[in-house]
Protein chains: 2
Amino acid sequence: MANYSADLDGVFTALADPTRRAVVRRLGHGPTSVGDLAEAFPMTLPSFMKHVRTLEANGLIRTVKTGRVRTCVLNRERLDLVDDWLAGERRVWSERTDRLERFVTGRTERTDRKDDRP
Amino acid sequence: MANYSADLDGVFTALADPTRRAVVRRLGHGPTSVGDLAEAFPMTLPSFMKHVRTLEANGLIRTVKTGRVRTCVLNRERLDLVDDWLAGERRVWSERTDRLERFVTGRTERTDRKDDRP
DNA sequence: TCGATACTTAGCCTCATGGCAAACTATTCG
DNA sequence: CGAATAGTTTGCCATGAGGCTAAGTATCGA
């Protein structure tokens, strides 16, 4: 995980387009050729290919060319980056809640616990 | 939830910038004024304000001006959109796994189960 | 081998994004 | 009141994203 922030830039950018999200969705069902994917979208092939390349450049899919057909496969693990980021934000929130709770209850405790309410 | 896809466009776009993600992170600790936020970033105020407006326009933060100070507050719920989207993708994957499994086991079952292995 | 198929490459266009400086407005403080 | 503070508005610029057409390459199938 060389450059976490730049990776997030790329993943979020890739997901910020409805065409690309639709491709991700479609590939969730299984590998598909560029041509088959493209049929579902109202744009020319070269335009569509840019989206494919963007997804690939940002690690969300992998593609292989066999003969004249390029097949796309979803790289599910890449979406963990989004999950991890969300988890990180929520951790921040819970730390804040912890501090607030310590203040309210007047207790001082270690901060590495997960949850101390029964 | 009027336009789910357009909302996702906006949320992902807003999160695709490191400055804006840093603001989200910072606001996770609690409300902060624009000025205090801006200090952490190597850009002019007007430039920074654009990021604030982008975050606000896409519902990730809310801001209120009191006197000459504008205070920003994180809108945590908005991140649920990302969570929901991820969950949707994973549901697609699991449906595919279900079909594959039915094929392998030769069984035909209802598809609304969570998990039928003991 | 020749035509159809499945991308690719190249070049061009338009609009959106992110950044800047300069000037302006509205509050607050001494 | 008058100066400092905290944003805001305006206008400009460079880059990149997303779309197109036209032409090129590499298989595949008869």
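Letters go in sequence order (proteins before strands), and every chain restarts at 1.
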>> Over 60° means perpendicular and under 30° means parallel, so tell me whether B/F48 and B/F41 are parallel, tilted or perpendicular.
In response: parallel

> Taking for each residue the nucleotide of DNA chain C with the nearest heavy atom, is it A/K50 or A/R68 whose nucleotide lies nearer the 5' end?
Replying inline: A/R68

>> Could you check whether A/R25 pairs with B/E89 (Lys NZ or Arg NE/NH1/NH2 to Asp/Glu carboxylate O, under 4.0 Å)?
In response: yes

> Would you call A/R90 and B/D80 a salt bridge, using N to O less than 4.0 angstrom?
Replying inline: yes

Nearest whole angstrom, please: distance from the [atom2] of [N] to the [atom1] of [X].
X	N	atom1	atom2	answer
B/M49	C/dC20	CE	P	15 Å
B/D9	C/dA16	CG	C1'	14 Å
B/F48	C/dA21	CZ	C1'	19 Å
A/F12	C/dT17	CZ	P	17 Å
B/M43	C/dG18	CE	C1'	8 Å
B/L45	C/dT25	CG	P	18 Å
A/E56	C/dC7	CD	P	13 Å

> Where the side chain of B/T44 is defined as all heavy atoms beyond and including C-beta, which of C/dG18, C/dT8, C/dA21 is the nearest nucleotide?
Replying inline: C/dA21

>> Within this structure, what is the CG-SG distance for the pair A/L27 and A/C72, rounded to the nearest 0.5 Å?
In response: 6.0 Å

> Any side-chain N or O of A/K65 less than 4.0 Å from the OP1 or OP2 oxygen of C/dA6?
Replying inline: no

> Donor-acceptor pair, A/R78 side chain versus A/N58 backbone, under 3.5 Å?
Replying inline: yes

>> Using a 4.0 Å cut-off to any heavy atom of chain A, which nucleotides of DNA chain D are the first and last in contact, reading 5' to 3'?
In response: D/dG18 to D/dC28

> Hey, which of these two, A/T13 or A/G67, hits DNA chain D nearer its 5' end, going by closest nucleotide?
Replying inline: A/T13

>> Can you confirm whether A/R91 is buried at CZ, in the sense that more than 12 heavy atoms of other residues, nucleotides or ligands lie under 6.0 Å from that atom?
In response: no

>> Test ring-ring contact (aromatic ring centres under 6.0 Å, His included) on B/W85 and B/Y4; report intermediate values, then the result.
In response: CA-CA 10 Å; B/W85 180 81; B/Y4 182 63; 9.2 Å; no

> Contact class for A/T54 (heavy atom, under 4.0 Å): base, sugar-phosphate, or nothing?
Replying inline: nothing

